[in-house]
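Take a look at the structure set out below.
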Protein chains: 2
Amino acid sequence: MTPIRLLLADDQAMVRGALAALLDLESDLEVVAQVGRGDEVLAALEASAPDVCLLDIEMPGLDGIEATRAVRAAGRARVLVVTTFGRPGYLRRALDAGASGFVVKDTPAHELADAVRRVHAGLRVVDPALATESLLDGTSPLTDREADVLRAALDGGPVAAIAAHLHLSPGTVRNHLSAAIGKTGTRTRAEAARTARDRGWI
Amino acid sequence: MTPIRLLLADDQAMVRGALAALLDLESDLEVVAQVGRGDEVLAALEASAPDVCLLDIEMPGLDGIEATRAVRAAGRARVLVVTTFGRPGYLRRALDAGASGFVVKDTPAHELADAVRRVHAGLRVVDPALATESLLDGTSPLTDREADVLRAALDGGPVAAIAAHLHLSPGTVRNHLSAAIGKTGTRTRAEAARTARDRGWI
DNA sequence: CCTCGAGGATGACAGGTGTCACGGGCGGTT
DNA sequence: AACCGCCCGTGACACCTGTCATCCTCGAGG
């Protein structure tokens, strides 16, 4: 039986190489491509024709969610998202983008190969604890603009900087921030940005 | 020749297992223990008598810096710190705690085995780019209290919360924050806390 | 057509924040 | 003893923020 061909995308070279070593130990799996940036996934996909892509989410160039969308649009391979952070919003957005599976790096290494095989067989693989948490947190209550403003507020700059960056009036920024603070149940924009990010709302 | 015995400590099970697979491919290396928490390192050290410990820094229970100190105090094994974040302060503190080597997970996987061998041979292994950056950033200009206040400011709460947490007057907290903002060259406490953390000052 | 929600904006207000000047106490060094 | 740096605190001031009321526009849907 011909082995399942795998593409690995992770920005940490050492982790990427280690995962490749782990998966190559399985006789029915073969790592045929490794990339360290999201925007290199598509080219590697064309060049190596993998059956399954293992994508990290946090990557330079193009994040794993967008990379998933691109891979699915190309239509050839299935996607298994392998990520550090089990933020519920990530799970939802990854599945929306067309991922067949979602595992966090906290899960034991020996389960990864099975996850790959299940994904290749057309099954869905989802961390069960994360799935329930995702349902509890529900979907984001933030409007698009509120999310934009919170994203720009993540680095802690003053309102004027956020306003300039988004080409908005400072007053409007404060309105959006106030709404976001209310919806997140926090008291400062720094807290609001943190909890929104942890919930995957931005 | 008897293989070099290794202990792996990393909180992400999948990464830990993958690194084990990678290192076990080398005929002169053997992973004899794996733990997922810093406070399990010492017990594993006693039970498995490794020659080299590969420790992550971000771990629950006990961070890798403190774990390094504990391993060195026990006196038997050398330590190679393997971490995600190349913050200059981490490097300095790891070496101060007695680590023989320091590599970030961005470095290629095939260099890890060599780093382990060098550490086992009694040599120092330090990421050169990080070493220069560490020298440029120098040591922390923050006083103890300023560092405390910045630490408490990391989560974005109001001054009153920081003051209560540290049993200080709000005015004193604002004074320390003002000094820290000046020393970090930033304009808000959120920025100051971020840059201080990235420089390893807190 | 009319309503409704999202987006954008303004103005006003209370309260939080960053800065500064100043003072006091404590533990070092000279 | 005198000096110095760190720590802790107070008070004052300007500015920034968070909240609210209000207004306008626009597209979707009843």
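Computed from heavy atoms alone, side chains included, the values below leave out hydrogens, waters and symmetry copies.
Atom-to-atom, CD of B:Glu191 to P of C:dG18 comes out at 11 Å; the value is rounded to the nearest Å. Protein atom CG of B:Leu168 is 17 Å distant from nucleotide atom P of D:dC6, rounded to whole Å. The nearest whole Å value for the distance from the CG atom in A:Leu166 to the P atom in C:dG8 is 9 Å. C:dG27 atom P lies 15 Å from atom CG of B:Asp144, rounded to whole Å. Remark: P of C:dG7 and CG of A:Asp148 are 9 Å apart, rounded to the nearest angstrom.
Using a 4.0 Å cut-off, no side-chain N or O of B:His176 falls inside it from OP1 or OP2 of D:dC7. Checking the phosphate oxygens (OP1, OP2) of D:dC6, no side-chain nitrogen or oxygen of B:Thr143 falls inside 4.0 Å. One finds a side-chain N or O of A:Thr172 lying less than 4.0 angstrom from the OP1 or OP2 phosphate oxygen of C:dA9. Taking 4.0 angstrom as the limit, B:Arg145 places a side-chain polar atom (N or O) nearer than this to OP1 or OP2 of D:dC8.
In the helix from C:dT3-D:dA28 to C:dT30-D:dA1, the end axes, each obtained as the rotation axis mapping the C1' atoms of four pairs onto the next four within a five-pair block, lie 30° apart to the nearest 10 degrees.
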Annotated protein contacts, base or backbone, on nucleotides 15-30 of chain D with a non-hydrogen cut-off under 4.0 Å, one of B, S, - each | --BBBB----------

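Shortest non-hydrogen contact noted between B:Ala99 and B:Arg124 is O-NH1, 3.0 Å.
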Test log, rule salt bridge (charged side-chain N to carboxylate O under 4.0 Å, His left out), inputs B:Asp96 and B:Arg93 = CA-CA 5 Å; B:Asp96 284 349; B:Arg93 295 197 321 220; over 6 Å; no

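For the pair B:Arg117 and B:Asp28, the salt-bridge criterion is met [side-chain N within less than 4.0 Å of a carboxylate O]. Using a 4.0 Å cut-off between a side-chain N of Lys or Arg and a carboxylate O of Asp or Glu, B:Asp56 and B:Arg16 do not qualify as a salt bridge. Under the 4.0 Å criterion applied to side-chain N and carboxylate O atoms, A:Arg76 and A:Glu46 are assigned as salt-bridge partners.
Checking B:Val15, B:Val35, B:Leu23 one by one against B:Leu8, the side chain to side chain contact (heavy atoms under 4.5 Å, CB included) holds for a single residue, B:Leu23. For the salt bridge (Lys or Arg N to Asp or Glu O under 4.0 Å) test with B:Glu146, the passing option among B:Arg189, B:Arg174, B:Arg151, B:Lys183 is B:Lys183; the others fail.
Remark: B:Glu66 pairs with B:Leu62, B:Asp63, B:Arg69 by the side chain to side chain contact (heavy atoms under 4.5 Å, CB included) rule, at least two apart or across chains.
Taking the side chain as every heavy atom from C-beta outward, B:Val104 and B:Thr84 never approach each other to under 4.5 Å.
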